[in-house]
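Scroll down for the structure; my scribbles are underneath it.
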Amino acid sequence: MPGETQNKRQMPGWAWAAIVMLVLAWMFWTFWGRGATGSSVPYSGFVAQVKEGNVDRVQISGSRITGMFLEPVSGEELGIVPVQVPSTYLEPSPQPDPRAPLPPMTYTNFSTTFPEAVGDPTLMTLLESQGVHVDVASPSSPMLPIILMSAIPMVLFVGLFLWMKNRSPESSSGSYLGFARSKARRYEGNRLEVTFDDVAGAEESKSELRDVVDFLRNSAKYRAVGARIPRGILLVGPPGTGKTLMARAVAGEANATFFNLNATEFVEMFVGVGASRVRDLFQQARSAAPSIIFIDEMDAVGRRRGTGVGNVNDEREQTLNQLLVEMDGFDERAEVVILAATNRPDVLDPALQRPGRFDRQVTVSLPDRNGREAILGVHSRPLSLDPKVDLGVLARTTMGFSGADLANLCNEAAILAARKNSAHVSMADFEEAIDKILMGGVRPLLLDEHDRRTIAYHEAGHALIAWLTAAADPVHKVTITPRGQALGVTAQLPGEDRYNYTRTYLLARLVVLLGGRAAEELALGEITTGAENDLKQATRLARHMITRWGMGNLGLAAFDAGSEQPFLGYDLSQGREYSESMAAEIDHELARLLDEHHELALRLLTENRHKLDRLAQALLDEETIDRATLVQLLGPREADLASPSPEHGDERVALTA
């Protein structure tokens, strides 16, 4: 981990060697030290001594017989042949004759083996007749297999456990294998090279976060007037707007230690692990103050408690409870700031968003035209751009693009230029990359003439309705080349950034969506499944107009809370806020709105049937038509009416497939 020195206490090698030697010595002592005593003699010699009455006592244990002679017996009497050592193997000695015979050996104790294979039924009778004292013992189990089956696996298990503990990155914390340790990635402030200069297109968000940077740098100035540091800041915005980059820039500007992790890394299968990781994370952050904790995808662990039908996640809720306790129990003098990011603030628990925990909520929205131009400037720095590339024009044609989309656009344009073996990235490469991002990559698909004609009239219907409707967005490009999952695409580009939709604009959008189905009915006398996506979008738009925005004939009441109740179980527990009769009226109003604008689309296409046929034939011939060609085919378009957008300025290029 950067900026940290980990001192791992490992057992030295000599200690391991001493343990192994002790275990082996104990095994050998157990196996041989407890074995039978006495010299081994032949069974025939033992029987002969019994018959001569020279055996005092014997002990029989299994097939092993041990005992004691009354008088010492030589080896020759027992049938033991002495081994003569050749003279070549004898070392020089002062004795006069090194090859002299050895003195005879005598035996007092003996040990022999009973021949179980052939048996000897007369042995006991013989022992009794000679008055030999006989003692029978149960055969002893071999000790070595027992040791191998019990002691050795235990030693190996302990050794493996200690080895894994020493190799674990979190072993220095004292937590076995770091299971309950926080998995946050730590970066020292002097190693973070990201600053606010690398974050373009979010000037409002940066201005709100500069207070945090200044507090971490000059905390004494704020404490002198009684101010305290904000404990938590929630970054809210659509995906790809740079929330994570913004958090890294705050840490880089403040030169503070940065802890980065995803909220899903808290939750494990075992209840209590997530809470332990939260405690450990805050302990590390306090010890490294000034520091910043960044938790991405906060909604993964901070969802509202008690929601769902029979679906309570104890581990997630315990983790959330511990997070609430840690944030509420902050020492006001601790220079630790929590930054969290989410694109679903509506699903967060209310206790998490109250002041004292997340004091501020900073919205990181989609960039406007100036912001897009600045972002394109940042991401195009490493590219070899053609001098004719105009980033201002690209910013105007990429409305609704997030910072991540614009970074991807620059990369796609560079890939296309390299594929063509070009030395520079040209404006044509950027335009082709925009088409690829908006409409998808070209998909080679062999279509018969009937399918091509159907697709051509369908897309011509969308394009002609948009061309004839003054309130609709201008048509940017029309193609019947299969792209992505669509067989054909009509792309519309708004003239300016919008932050509100008017009813006139939405109704125009509704007519454009239904223009493809109307063209099929008029020109082909048949309908196809190609209008599936158009009908879904039209139905959703019409329902929102009626139930959310009061643009139908049901008055000003809003019947759909929408994103306020995102959970299925929560919706069921709250119930519907209107009656069944009102639900039926909403359905009737929805059908009326769709039917009226479908008839309007049919009427417009019927009145301009010659233009519809001309445009469809041009699509069959050219497959892709841009705005300049549309002007030649359909004549100049009426003046575009500037109409602002409904919610958050979250508008993308309108695509009708």
Review point. Can you tell if the side chain of I434 reaches within under 4.5 Å of the side chain of L394, non-hydrogen atoms only?
Key: yes
Practice item. Answer yes or no: is there a side-chain heavy-atom contact under 4.5 Å between V347 and R304? Key: no
Check your understanding: How far apart are the C-alpha atoms of D214 and K221, what are their side-chain angles, what is the distance that settles it, and do they pass the salt bridge (charged side-chain N to carboxylate O under 4.0 Å, His left out) test?
Key -> CA-CA 9 Å; D214 192 34; K221 178 179 68 174; 2.9 Å; yes
Review point. Are any of the side-chain heavy atoms of H476 and Q492 separated by less than 4.5 Å?
Key: no
Check your understanding: Any side-chain donor-acceptor pair under 3.5 Å between S581 and S579?
Key -> yes
Check your understanding: Among side-chain atoms of Q284 and D280, is any donor-acceptor pair under 3.5 angstrom?
Key -> yes
Point to revise | Any side-chain donor near an acceptor of the partner, Y505 and D473, under 3.5 Å | key: yes
Check your understanding: Relative to the ring of Y578, is the ring of F559 parallel (under 30°), tilted (30 to 60°) or perpendicular (over 60°)?
Key -> perpendicular
**Study point:** Min side-chain heavy-atom separation V336-I292 under 4.5 Å
**Key:** no
Exercise for review: Please tell me if the side chains of F215 and P290 come closer than 4.5 Å, counting only heavy atoms from C-beta onward.
Suggested key: no
**Study point:** Pair R354 + D349, salt bridge at N-O below 4.0 Å
**Key:** no
Check your understanding: Should we count CD of Q361 as having more than 12 external heavy atoms under 6.0 Å?
Key -> yes
Review point. Does E532 pair with K536 as a salt bridge, N-O distance under 4.0 Å?
Key: yes
**Study point:** Given I437, L376, L366, N408, the one that forms side chain to side chain contact (heavy atoms under 4.5 Å, CB included) with F401
**Key:** I437
**Study point:** Ion pair R279/E326, N-O distance below 4.0 Å
**Key:** no
Review point. Below 4.5 Å, heavy atoms only, C-beta onward: do F282 and L323 meet side chain to side chain?
Key: yes
**Study point:** Candidates L352, V278, T319 - the one meeting side chain to side chain contact (heavy atoms under 4.5 Å, CB included) with L324
**Key:** L352
**Study point:** Note, V337 side chain near R231 side chain (heavy atom, < 4.5 Å)
**Key:** no
Point to revise | side chain to side chain contact (heavy atoms under 4.5 Å, CB included) partner of I233, chosen from L339, D211, V250 | key: L339
